[in-house]
Amino acid sequence: MERLPELLYGAPDIILSDLIAQIERQTESKVTVFMYEPYRKLFRELRIRKSQRSCEVLVSDNNDISLESIDTPQYARLTVRLNRSLSRRSGVIVPLKLEERLIGFLFLKRQSGELPVEAHETVEKLSRFLDYLIVRTVEQESVRRLRLMADITRVFETGKSIDELLNNTLAIAKDILRVRWIFFFERVGNAFELKIALGEGENPISSIRIELPGNRLEQFEDGTLQVSAKRSKLSDELFRQDHNVGSFAVVPVMVEDSLFGVVVAATREETKTEFRPYKHLDQEDFEALNEVCHRMSVAISRLRLNKKLDLELRKLKQLKQQHEELINTQKNQLMKLNSIQKISHAMRITLDYERIVRILLLGITSPAGLGFDSAVFLQKKSDDPFLRPYASHLVNHLKEDEQASSLMYGDFSQFLLEASLEKPGDFHYDRANVKRITFQGNALLERVVIRNRTLHVTPEMQSHRFEDLFQLNRIMKSKEFVVTPVAGEKDVLGVILVENHITQAPIRSSDIELLGLLTDSCGTSLELTESYSELVRTSQSLEHEKDRSNYLRAFVVSILQSLETAIIVCNTREEITEINRTAENLLGVRREEFLGENVRIFSKKLSGLTDLLSEVLDSGETMTLTEQSLEYFKNRYFDVRLSPLIDDESGRVDGAILALDDVTRRVETEEELQRQEKLATLGEISARVAHEIRNPITIIGGFVNRMSRTQTLDKVKDYSNILKDEVRRLEEIVEEILEFARSRKPVKPEEFDLAQLVKDVVRSFDDQASNREVNLQMDVSDGNLSISADKNRIKQVIINLIQNAIEATDSHKPVTIRIFSDNDTVELIVSNSGVKIPDETLKRIFEPFFTTKTLGTGLGLPICRKIVEEHGGEIAATSDDKGTSFRVALPKKRDEIHRRNRGEAQDTNR
Amino acid sequence: MKHKILIVEDEQNMRLLLEEELVEEGYNVLAVSDAEEAIKVFESEGDIDLMTIDIEMPGMSGLELAGRMRKTVPDVKIILLTAYTHYKQDLSSWAADEYVVKSMDLSELKNKIRDLLRS
């Protein structure tokens, strides 16, 4: 008994050794102990020392012993296996039994089965001790496992995550099974991935990802494959080729009826305190691991469920929060709707445009109203193509308390009405220097202003509608804002811009809807105001009208009387209804005596004017006579106007007015003036003519003097040629002057082809052109180039222009003449290749006597112009670096010429 | 020694008349038809004592030529010869020593030339 503690706590091998040594002594033979392993159906040599290798004796038919035959000590020959080698031994087998249960046997190296009596006792002692050891180990193990299982329970209770749970559980399982390694493979599809590996020494796992065929998976799922074999197919799949794994167990982890993963425990390790006849994992170990895995599955399920529950709970909380927010929003909306009613009321009872706008701005920005940070009102007048900033308002957070307190005591409407009146300075438009905004052609603004839609500008819109938003962005401070039309029944009256640039609060669609309600209400109020002020204006203007008409009547009468024009008014019966003072004096009568008399009473004094008055009454048309002389008033001239009096409403002729202006003085002055002008013109022309002929006269006189002194005939001939030249020149000058000075004669038109005429003229210039080596070119277009005109005069124009062109062109350069038709006119363009005429000269080129040439009167081009204009045509000159062109346009038709001539004739008669 | 006179006159017959009359008076006479030519001749000849210049000429006018000559050759005598009387009032005629209106009687011109060359 005194040895028991030692036996319990650490040295059963010493007792064992003692007992075996005792038997050896008693039997005088070498003793070996074989323990029965029912699990593997063999007997294994009990190793007393760790270094000892243990032999096995298989229980099989071909061996010398069977379980039944081991009953009493007997001589036997055994086949013993040590590792891979077999050997035969012979000796006496003594069964170790306890209450008929076979524990194992002793192998004694001797011949005789007879044993001394004391040896039998010792054998029984040894049996008991071995049994005790086995039972004790099993119990100890059970207790230890129970304790560890309790630990697992704690782990399950406290585990927060699946990973933590797996790690802790496997650590305990490793302890329970006393294995060197424990692994967890998680199932990923058809494969298993190593997730947890606990244990010391080199990891024997072949790969962190192991693919298994489908049928093996099914076996796991069924729970049928529960392996604990040292050498098997699975072991080749799991472990490296050179692994040193002893026995191992594979147990599935099923979570919610599907394979979650497998736990692999490998290589059982012995401890000194433990007595177990074999060292591999046994069925109990396997079941213990199975139990652990099963409990772990439950724990994992629980964790998953917890997680789900947590999620659900969170969702529920969120829902609750959303619900509360919704209720708050609705409450808010309700409050705002109420405010809108108040704001609308305030706007409705205000009949002042500016104040309505202010109330709107206040309502939008007030925390008690829509609560935006700022609002700008852009005015749109009906005929204005621009939006113009009118007023703006910014929320003033400093004054919120003030507002709140004022709201406590009064109605919001009342507050708005007062605030809109008190502080006009708060509404000054103070944004960037934007004076007007163009909406036409701007797709976004047209939507707002023309189609009456609200526009919500978001930061996302900014980049792709940059151009359309450019103008608004100059006003707005935020990237997000709302543009809402303020529309009445008929028209858009303005635009409201709102934003939250201070709080940066997002603009919700409900806010925009409320804003729409408010702006609609504002539009109606503004329209009402316009109607109201229209009404006020109308009634005021009616009163003005009345005053004015009284005033005008007095005014007209006094004017009538003080006019210097003599006026006689009669009705449709030709009875005189009014005579003014001037008429009284002219006719030598008194107004009162003649009112109501027939106007024909003056027919002698007014000659035929009374008859014309009757005509005017009949026709209803106005007649005017200028500078008319009347027989009765000798040497006097009158401008006479006879006009009907027409009733504004019926349009009927009510009477007639005869107005006589004495213009005698004016006529006399004009006549005098004309005389003076003629004299002056004559003087100017004479002066010019005199100068023009002074040169030839000087030359002629000079050479005549020389001729009288000269002796030689040759000289006389030379001089007389010069004299001839100069006399011809004088003649030309006289002709040109006469042509220019002749009065405008009516054109005597004949129909001819202008192109043909030009061709004839060009031919006559052939010699001159070839002498000067100038190239004359004609370019005549197709079609009818006939005109109706005075052929000789037109010819004169053509000669003049071609002559000028040839003179201005250097040799070998072209002069081109183009003729073409353009609608009602035929055009002739004569171009030379001469030097550019300076602009100053070009301007004066058609002035009479203006010339830059040595010889010439300066009348050629003025005469051309005169002729062209007589035909109702036009002449113009242009000049550039390429040369100078004269363009003549002549009308084709006679009618045109006649009409123009008549018009000009009247002009000249005046 | 003969005095040298340059006639600037665009009209050929007038130029011929003046040339013959002044040669007869015993002067050495040169004649050109415009101002540009006159400047060229002046540069090549140099020793010209007197010029008669017509005012109305194509290109540079006689008044402008007179002004230029007065600046470049201050001591040359200049007579403006023209059909017009009103240039006498023109301030730019200051450059000339004398102003003669054209007439069939050339004695006024001859007298003025003689007076100017004598002084």
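Every value quoted in this text rests on a predicted model; they were computed, and no experiment measured them. Note on naming: letters A, B, ... go to the chains in the order of the sequence lines (proteins, then strands), and numbering restarts at 1 for each one.
- With chain A as the partner, the residue from B:Glu20, B:Glu56, B:Glu21 showing the most heavy-atom pairs under 4.5 Å is B:Glu20.
- Applying the 6.0 Å contact sphere to CD of A:Glu731 captures no more than 12 heavy atoms from other residues, nucleotides or ligands.
- For the atom pair CD1 (A:Ile699) and CE (B:Met14), the distance works out to 4.0 Å, reported to the nearest 0.5 Å.
- In this structure, the portion of B:Glu24 lying under 4.5 Å from any heavy atom of chain A is its side chain and not its backbone.
- The structure places CD of B:Gln12 at 7.5 Å from CD1 of A:Ile722, a figure rounded to the nearest 0.5 Å.
- The residue among A:Ile700, A:Ile697, A:Asn705, A:Asn695 with the most heavy atom pairs within less than 4.5 Å of chain B is A:Asn695.
- Atom NZ of B:Lys4 has more than 12 neighbouring heavy atoms from other residues, nucleotides or ligands inside a 6.0 Å radius.
- For A:Arg772, the CZ atom counts as densely surrounded, since its 6.0 Å shell holds more than 12 non-hydrogen atoms of other residues, nucleotides or ligands.
- Rounded to the nearest 0.5 Å, atoms CD (A:Glu726) and CG (B:Asn13) are 4.5 Å apart.
- Close approach to chain A, defined as a heavy atom under 4.5 Å from one of its heavy atoms, is seen in no residue of residues 34-44 of chain B.
- Considering all non-hydrogen atoms of both residues, A:Phe703 and B:Leu16 come closest at CZ-CD2, 4.0 Å.
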